[in-house]
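A short worksheet on the structure shown next.
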Amino acid sequence: PSPSRPRHRHEGPRAEMTVLAPAWSPTSSLVVLLLLLLLLLLSPGLQASPYDCYFDYSPVSSTFSGPISELTEYLIKDYPVTLASNLQDEKHCKALWSLFLAQGWMERLKTVAGSKMQKLLEKVNTEIYFVTSCAFQPLPRCLRLVQTNISHLLQDTFTQLLTLRSCIGKDCKNFSRCLEVQCQPESSTLLPPRSPGALGATELSQPPSPQLLLLLLLPVALVLPAAAWCLLWVGVALPKHCA
């Protein structure tokens with residue numbers, strides 16, 4: 001028999017261990033996380049715009065007196081409405097607050113008025129609708145609303161529009177300080193009685209401010225990307241140690 005050949009062990013390069021990448025990639029998760037955070041910060045609820053009530057041009061038309069006079073002449077009888085009697089005499093803010101309350105009444109009256117009067121109310125509402133672009137806070141509980149008739153409300157609306165027309169869009173543009181309706185200080189702490197037809201000034205729970213939410217999200221925005229980066233580093237370093 002022929003002598004057995006010596007077995008030669010093939011010495012080649014060691015096969016490297018192949019580590020399959022998991023379906024969940026830290027890199028893709030980091031990108032998704034950053035995109036979600038960007039969308040969250042850009043959402044309308046978190047944008048802290050310095051101009052929540054800003055007019056770079058005058059929204060008060062030059063013919064606002066026409067619709068008011070037309071509606072006043074059409075009124076056969078007075079409709080009961082309310083006027084705020086204790087608004088803080090804040091420069092230009094008081095006029096804006098009065099128009100904000102009047103616009104609410106125009107919307108209310110349109111739901112109970114006849115077809116002809118609805119059109120007249122809509123014309124007046126169009127003249128003061130610009131106040132809806134301001135993000136007013138809920139009415140304060142200290143606001144005293146006294147019952148009057150619509151003719152007095154229309155006269156007050158005319159006066160406030162005349163006041164704003166001489167200023168808004170020109171000398172005064174930023175009304176952000178007026179977003180919170182303020183009452184005149186009173187010595188008594190008792191709440192004034194409300195008239196039956198008064199606009200409800202119910203106390204609403206205030207949502208957290210955008211600045212507070214942003215501060216709460218800031219630690220999360222810093223920790224999560226760091227954790228994702230550590231997982232990414234471990235995922236890259238692990239195959240080298242297993243080789």
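Predicted, not measured: the structure shown is a model, and the values here were computed from it. Heavy atoms only: backbone and side chains are in, while hydrogens, waters and symmetry mates are out.
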Notebook entry, point to check: Rounded to the nearest 0.5 Å, how far apart are CD of E180 and CD of Q88?
Noted result: 11.5 Å
Note to self: Measuring from atom CG of N174 to atom CZ of R177, what distance do you get when rounded to the nearest 0.5 angstrom?
What the structure shows: 7.5 Å
Item checked: For T63 against E127, the heavy-atom pair lying closest together -> O-OE2, 4.4 Å
Next item on the list: Would you mind reporting whether L154 and L75 have side-chain heavy atoms less than 4.5 Å apart?
Entry: yes
Next item on the list: Can you see which heavy atom on T157 is nearest to which on A102, and at what distance?
Entry: OG1-CB, 3.6 Å
Next item on the list: Give the cluster check for M117 versus I128: same hydrophobic cluster or not, with ILVMFWY residues linked at side-chain heavy-atom distances below 4.5 Å.
Entry: yes
Note to self: To the nearest 0.5 Å, what is the distance between CG on N125 and CG on L120?
What the structure shows: 12.5 Å
Next item on the list: Can you establish whether the number of heavy atoms outside Y129 located under 6.0 Å from its atom OH is more than 12?
Entry: no
Next item on the list: Please round to the nearest 0.5 Å and tell me the distance separating atom CD1 of I150 and atom OG1 of T82.
Entry: 11.5 Å
Note to self: I need the D156 CG to T148 OG1 distance, nearest 0.5 Å.
What the structure shows: 9.5 Å
Checklist line | Which atom of V131 lies closest to which atom of F100, heavy atoms considered | finding: CG2-CA, 4.0 Å
Note to self: For a quick test of reading the model, state the closest non-hydrogen atom pair linking Q160 to S98 and the distance between them.
What the structure shows: CG-CB, 3.7 Å
Check: So, the side chain of N86 versus the backbone of R144: is there a donor-acceptor pair under 3.5 Å, distance only?
Finding: yes
Check: In terms of side-chain geometry, is the basic nitrogen of E122 or K119 positioned less than 4.0 Å from the acidic oxygen of its partner?
Finding: no
Next item on the list: List the atom of H92, the atom of F175, and the distance in Å for their closest heavy-atom pair.
Entry: CB-CE2, 3.7 Å
Check: Less than 4.5 Å apart, any side-chain heavy atom of F55 and any of C134?
Finding: yes
Check: C178-C93 sulfur separation below 2.5 Å?
Finding: yes
Check: For K94 and D89, which heavy atoms make the closest approach, and how far apart are they?
Finding: CD-OD1, 3.8 Å
Notebook entry, point to check: Can you find a pair of side-chain heavy atoms, one from C183 and one from R141, that are under 4.5 Å apart?
Noted result: no
Check: Should L164 and L99 count as side-chain neighbours, where that means a heavy-atom distance under 4.5 Å?
Finding: yes
